[in-house]
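Letters A, B, ... mirror the listed sequences (proteins, then strands); counts begin at 1. Below, each value reflects all heavy atoms present in this structure, side chains not excepted, and no hydrogens, waters or symmetry copies.
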There are 4 protein chains.
Amino acid sequence: MSTKINVGVIGLGRMGRVYATYLASRVQNARLVAVADRHMDLAESFSKDFNIPRWYRSHEGLLADAEVHAVAVLTSTASHKGVVIDAAKAGKAIFCEKPIAMSVEDAEEMLAEVSKSGVLFQPGFQRRFDAGYIAAKTQIEQGTIGTPVVLTSTSRDPYRPPLEFCNPAVSGGLIADMGIHDFDLARMYMGDVKSIFATGGTLAYPEMKEIGDIDNAIINLTFESGGLGAVHLSRNAVFGDDIRTEIWGTKGSLQIGYFRQTPLLVMTKAGISHDVVPYFMERFENAYLAQVESFIDAILNGREPAVSGSDAVEAIRLSLAATLSCREHRVVELDGGKMPGAFSA
Amino acid sequence: MSTKINVGVIGLGRMGRVYATYLASRVQNARLVAVADRHMDLAESFSKDFNIPRWYRSHEGLLADAEVHAVAVLTSTASHKGVVIDAAKAGKAIFCEKPIAMSVEDAEEMLAEVSKSGVLFQPGFQRRFDAGYIAAKTQIEQGTIGTPVVLTSTSRDPYRPPLEFCNPAVSGGLIADMGIHDFDLARMYMGDVKSIFATGGTLAYPEMKEIGDIDNAIINLTFESGGLGAVHLSRNAVFGDDIRTEIWGTKGSLQIGYFRQTPLLVMTKAGISHDVVPYFMERFENAYLAQVESFIDAILNGREPAVSGSDAVEAIRLSLAATLSCREHRVVELDGGKMPGAFSA
Amino acid sequence: MSTKINVGVIGLGRMGRVYATYLASRVQNARLVAVADRHMDLAESFSKDFNIPRWYRSHEGLLADAEVHAVAVLTSTASHKGVVIDAAKAGKAIFCEKPIAMSVEDAEEMLAEVSKSGVLFQPGFQRRFDAGYIAAKTQIEQGTIGTPVVLTSTSRDPYRPPLEFCNPAVSGGLIADMGIHDFDLARMYMGDVKSIFATGGTLAYPEMKEIGDIDNAIINLTFESGGLGAVHLSRNAVFGDDIRTEIWGTKGSLQIGYFRQTPLLVMTKAGISHDVVPYFMERFENAYLAQVESFIDAILNGREPAVSGSDAVEAIRLSLAATLSCREHRVVELDGGKMPGAFSA
Amino acid sequence: MSTKINVGVIGLGRMGRVYATYLASRVQNARLVAVADRHMDLAESFSKDFNIPRWYRSHEGLLADAEVHAVAVLTSTASHKGVVIDAAKAGKAIFCEKPIAMSVEDAEEMLAEVSKSGVLFQPGFQRRFDAGYIAAKTQIEQGTIGTPVVLTSTSRDPYRPPLEFCNPAVSGGLIADMGIHDFDLARMYMGDVKSIFATGGTLAYPEMKEIGDIDNAIINLTFESGGLGAVHLSRNAVFGDDIRTEIWGTKGSLQIGYFRQTPLLVMTKAGISHDVVPYFMERFENAYLAQVESFIDAILNGREPAVSGSDAVEAIRLSLAATLSCREHRVVELDGGKMPGAFSA
């Protein structure tokens, strides 16, 4: 049907399959016409399960498919740069999962090619599409809390990922992997960051020291506006997923987040108890769906994507600055956007 | 694909469109191949929007479609009997929204035909498929609360439906329309009901008196086990949808339900506030989906449906008994299941 | 000091000691000058512990004490009548714990003597002095919820009292002992009751059958206004004390009550849990204090007591009607206030 | 009576009157026999209101009173040193409100005199006596959350104090005035602090700039154990008092704190709302009482006070370090306890 966008998904790892499933069945204006993964079996079996017309071993194959109008890039972070540049050259609209690159330089190179090709580019920050974060933004715009002056943003996972995934060379480390969401929210609600100070430690999983990563961090932000912020990161919220943001204004405050998954209280002599959102996928299921719907709608309606390429660059810059601050135990000033280095440096 | 069930939806009113949308896109093992509605335009336009192959003006047309293996009956309650009997004769597996009939006699006649035809029949009670109610059942089976002895079940809508829908001749009236869910849960958690006493009134919407319906009711139940129950019904929970069930056992208690829709607290000098689940569709979106998935899976796997025809009959019987009790201001004994009359009597 | 009221406490059982302690130390305008209890040791030891000037073996002794201006009657319900009548004759201001008598006739006889003597009389209904119930009343008066049309009031204790205390001959039975609070609230928020239907059972403590009492009850009320009500009573809220009232109006609703005692959430792999208010004394500690302060202030300021004698009579009448309804499994009409019998009948 | 401790209260400002009221009526083992305040009227009128036998214009007068066994020092922080040293020389047991001094040097001088005189000394940190903080400590000791590795502690007031009170020369400034409680808790739950980094700003009340104070701060802590901490301070939690502490361990987490003051939910079309604890006095009323009871019990039973003098010194040291860090925008190492300067420097 002419009003649907033909989409290809590149990369069928954990998140790739999530996006592909949504695009295959739940995004009304999208038609998933192709998938690609280096592991041919994965692409083929997924295609069969979901009646996807075509599958490819390489992203080049999928990008050469003239039926594909837009791509969702869900490969490993390290490979984003090559895939996105190729996709831009192929003239496809591009959705790219966060972080879009391992360094600011790489990210800027990608965006330069996107700009040259004139294709639509939307980086992945699904929290921006969650009902709670959207409602908070609306409340701020309506003046409910006056001027926002302090933000705290918390991301605590219930357990550490497999060590091969934690490896800073792959993930950028705790601060980049988890904090990038909070840095993006910090910019969205509070504006540009002026300075960063981060502390971290390997406190719950000694084995993470071997791969050079930390499992907890607290990051102090000052904003250009004079406002203050704190980002709390952890891999050991063992009870479940703890994703919260608080915004404090001159006239009121907002708290975003929730804990309980199942609407059941169990009340015994041991007290009253309930379960907890188990992981970010359950927490943000609807947000992931809304995000990819937003991407498709931007293409269909010829409007700017809801998140810009520079949002992605700035979140990387802050992640790098915080990582550097944590490593060198010193305040890092974000003066004029200069921030050398990369996650794996 | 051979593992998908071809389904037809009969009736494209409010709930019909909900089920049809789910069957069209979100139920993995179903393929929506036909829809029928007396309003031809509705069937045709829905079919085009969702790429449904065929549409019909009459349920007979759809039932004659050999490609259709199963039907979801979402027509008005008064027409359920004819459609279900025709569908059974046509050999289709049948899902029928609650209440399946306006009287116990009609319901039993339908089930007799279903039984004769040997088709699978599942009545609609979506709460049984909600995560909270399921988790409560699991907790009871695990012995967490000992023996359940008291149940309170609450259904309060934020506003009254349009008067033509409230009309007892169409809906059966407040007690039947809303309470049937609570009666079904009461039986599920507590077993057979022994006596009923109901009080009701038209307290919030004077205009409902003209159509002969009430807008609030409190219903007292005793169970064959000796246990006690109460059902609270209202059309004026103006803040939002209030759907709760509490089960009290000898060793503990369970509370099912929740209020907040958006994960945001707004904190100002006026206090702390949050929004509320607006209506039953938002509350039970996932349950409706799980219910129709359960129906499809029962067909695919040749197993008994999760809810039986006699569950549907008994919930009607209790609704009628409560309606009668309310009208005559007296205790009604459910002795041996005799309960004359029908909703519209 | 001239601005303090000299008070005597009659009866030093569980509640008597609570009131005496408050009067001894926490009620600014009261001076506890005497206590009386049939068990001389109790009166003497309490007096020594709290520096109370005088103690008595009999209420007659205390009532003859010219220094005593007001008395708090905390003896067993069965003895209230005699003590209150003697106190009225002695010209003392009287606070009497609920229920003030075992029958409407006794209560009316007591109030007649109070009236003849012209002394101030305040029956005990401490919930009226709890911050939540007071705030609810204020909200209703401000019109926040429009016209109140439905009330549910819940009193669930975590365990049964000792059998000798449960005995209906002493306590009046579950409905009188616990429900009287809810009946009083029902009248306060909704006005006069028109009819009552009650069901009950001995469901959690088989041993209570031997003393002829039930441990759970659900009571259906209709009000003269047309409004509806339900009272839920239980002895087996094993997790803690469950005292809640909900009031539903045409424009909004109110929920009074809370569960958590200690401000601590414990979050582990087992979920999130917290403790619960253990018993009514913890729940209503401040309300008991405020109640006795209100009594003293009424004396000091020469104003009407916050709760009237007829409030006490009506709550007894409703308790008796509900007990009768439960016993005979039929609706009881409160026509014109005739309600024969007594709790122990 | 011989088992009561005769206490004198020095300083009858806001907190002085609170302590004096508690000692006058609610602390069973204390007898308030004297009060002193430079404003003779205040001491005299309070004495008359509460039947306190004697009053003084100077602390010297009260300290010379041989009937006084213990004193509670509630004068301004700047005067604590002189009063405490005089009280120690007079041989009185001493309770001193936090912070006990404006500098580490002063505090150590005071403790030296206390030690020389051999009197009991307890500094004021009432949160340690709050049920939530106590229960959290118990849970940690029971191993519920494994090893505590991260702490966040929040103190947000609903409004700024009068400017004359905010003045850093008097109060020590925001970080000292409010954060000292959180620093004390941090030490209690996590052990010694290794480094501090603080950021702050005058974000909500521009007029506070004139007196040289800030109204918001976020303070990053590292502990000797390797653990991490954050302290959040604000004067503009305009909705009410926000006092929370979260402790994250390797096996679970604890959240201490609550928001709602009155047990009432108001549910209208605007959503569900409730009020909030208005200020720290309401939040910690019971804790203040328990604290002074603990002081009296320590004297009576000849045991160590629940909080030590060195706890008071270390909390001052951390407050000074955080204030310095905030001023100089740099990390401050707590190496070996050297921390020059004082609050008013």
Exercise for the section: Would you tell me whether B:Arg127 and B:Ser155 have side-chain atoms, one donor and one acceptor, within less than 3.5 Å of each other? Expected result: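 Yes.
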Interface residue of largest heavy-atom contact number with chain B, from [options], under 4.5 Å:
options                                : result
C:Gly200, C:Pro158, C:Ala198, C:Gly201 : C:Gly200
C:Leu228, C:Thr250, C:Asn236           : C:Leu228
C:Val331, C:Thr222, C:Val149, C:Ile218 : C:Ile218
C:Asp215, C:Ile219, C:Thr152, C:Ile145 : C:Thr152

Gap between atom [atom2] of [Y] and atom [atom1] of [X] - 0.5 Å precision:
X        : Y        : atom1 : atom2 : answer
C:His329 : C:Thr199 : NE2   : OG1   : 8.0 Å
C:Asn216 : C:Arg235 : CG    : CZ    : 10.0 Å
B:Tyr258 : B:Asp242 : OH    : CG    : 12.5 Å

Under 4.5 Å to a heavy atom of chain B? For C:Ser195 that would be side chain
query = Heavy atoms, side chains only, cut-off 4.5 Å: are C:Phe197 and C:Val332 in contact?
reply = no
Under a 4.5 Å heavy-atom cut-off, does chain C meet the side chain of B:Ala237, its backbone, both or neither?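 For B:Ala237, backbone and side chain are both near chain C.
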Under 4.5 Å to a heavy atom of chain C? For B:Thr202 that would be neither
Which label fits B:Tyr133 and B:Phe284: parallel for a plane angle under 30°, tilted from 30 to 60°, or perpendicular past 60°? tilted
